[in-house]
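Notes to accompany the following structure.
Heavy atoms only: backbone and side chains are in, while hydrogens, waters and symmetry mates are out.
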Amino acid sequence: MLGERAEHSQPNRALLDAGALVAGGSDWPVSDSPNTLEGLQGLVTRADPLGRASGTLWPAQAITAEEALEVFTINAATAMGLGTETGSLTPGKSADFVVLARDAIAGPAEDIVRTPVVSTWFAGRRVHGN
């Protein structure tokens with residue numbers, strides 16, 4: 001999108017407030033990166049998490065870090081029709097999760113993308129890291 005239309009893209013705050021299911025994804029190569037932490041930070045700060053572009057995109061549409069985490073987990077699973085199988089750490093669901101070096105959501109939003117991933121787990125099996 002170019003010009004004025006881009007200034008009003010991704011109205012995430014308004015969508016959530018209206019009760020819409022907002023789902024995030026790391027659908028690389030459509031996105032610049034498959035790094036979910038970049039997407040989380042972008043939803044919260046409305047700025048390029050890597051500093052490649054200056055400014056913010058419609059800052060009034062920012063959402064909280066907790067909401068952004070739901071967008072990329074349970075909301076994404078629900079949007080794919082998999083909310084009963086994955087998307088949250090609930091007994092009976094697939095144990096798909098990452099272990100981070102720190103609580104990325106509790107700290108400054110500008111630091112989310114710099115949170116190291118210690119390990120990645122799929123269906124209860126470690127597939128990356130220690």
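Between Thr115 and Ala104, the shortest heavy-atom distance links the atoms OG1-CB, 3.3 Å. When all heavy atoms of Leu69 and Thr73 are compared, the pair lying nearest together is O-OG1, 2.7 Å. Pairing each heavy atom of Gly24 with each of Ala76, the nearest pair is O-CB, 3.4 Å.
Residues Asp96 and Thr86 have side chains that bring a donor and an acceptor to within less than 3.5 angstrom of each other. No hydrogens or angles considered: nothing links the side chains of Ser119 and Arg126 as a donor-acceptor pair under 3.5 Å.
The CG atom of Leu40 lies 11.5 Å from the CD atom of Glu70; values are rounded to the nearest 0.5 Å. How far CD1 of Ile63 is from CZ of Arg13: 7.0 Å, rounded to the nearest 0.5 Å. How far CG of Asn12 is from CD of Glu67: 9.5 Å, rounded to the nearest 0.5 Å. The line from OG1 of Thr78 to CD1 of Ile74 is 4.0 Å long, rounded to the nearest 0.5 Å.
Under the 3.5 Å distance criterion, the side-chain polar atoms of Asp111 are left unmatched by any main-chain donor or acceptor of Arg114. Judged by distance alone, with hydrogens and angles left aside, the side-chain atoms of Glu85 form no donor-acceptor pair with the main-chain N or O of Ser94 at under 3.5 Å.
With hydrophobic clusters built from ILVMFWY side chains whose heavy atoms lie under 4.5 angstrom apart, Leu89 shares a cluster with Val118. In this structure, Ile105 is not a member of the same hydrophobic cluster as Val22, with clusters built from ILVMFWY side-chain heavy atoms closer than 4.5 Å.
With sequence neighbours excluded, the residues satisfying ring-ring contact (aromatic ring centres under 6.0 Å, His included) with Phe97 are Trp121.
Taking 4.5 Å as the limit, some side-chain heavy atom of Leu100 sits within range of a side-chain heavy atom of Val117.
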Validation: residues 41-56 side-chain donor-acceptor distances under 3.5 Å, sequence neighbours left out:
{"residue": "Gln41", "atom": "OE1", "partner": "Ile112", "partner atom": "N", "Å": "3.3"}
{"residue": "Gln41", "atom": "OE1", "partner": "Val113", "partner atom": "N", "Å": "2.8"}
{"residue": "Gln41", "atom": "NE2", "partner": "Glu110", "partner atom": "O", "Å": "3.4"}
{"residue": "Thr45", "atom": "OG1", "partner": "Gln41", "partner atom": "O", "Å": "2.9"}
{"residue": "Thr45", "atom": "OG1", "partner": "Ala47", "partner atom": "N", "Å": "3.2"}
{"residue": "Arg46", "atom": "NE", "partner": "Leu57", "partner atom": "O", "Å": "2.7"}
{"residue": "Arg46", "atom": "NE", "partner": "Trp58", "partner atom": "O", "Å": "3.4"}
{"residue": "Arg46", "atom": "NH1", "partner": "Gln10", "partner atom": "O", "Å": "2.9"}
{"residue": "Arg46", "atom": "NH2", "partner": "Ser9", "partner atom": "O", "Å": "3.2"}
{"residue": "Arg46", "atom": "NH2", "partner": "Gln10", "partner atom": "O", "Å": "3.2"}
{"residue": "Arg46", "atom": "NH2", "partner": "Leu57", "partner atom": "O", "Å": "3.1"}
{"residue": "Asp48", "atom": "OD1", "partner": "Leu50", "partner atom": "N", "Å": "2.9"}
{"residue": "Asp48", "atom": "OD1", "partner": "Arg52", "partner atom": "NE", "Å": "3.4"}
{"residue": "Asp48", "atom": "OD1", "partner": "Arg52", "partner atom": "NH2", "Å": "3.2"}
{"residue": "Asp48", "atom": "OD2", "partner": "Arg52", "partner atom": "N", "Å": "2.9"}
{"residue": "Asp48", "atom": "OD2", "partner": "Arg52", "partner atom": "NE", "Å": "3.1"}
{"residue": "Asp48", "atom": "OD2", "partner": "Ala53", "partner atom": "N", "Å": "3.0"}

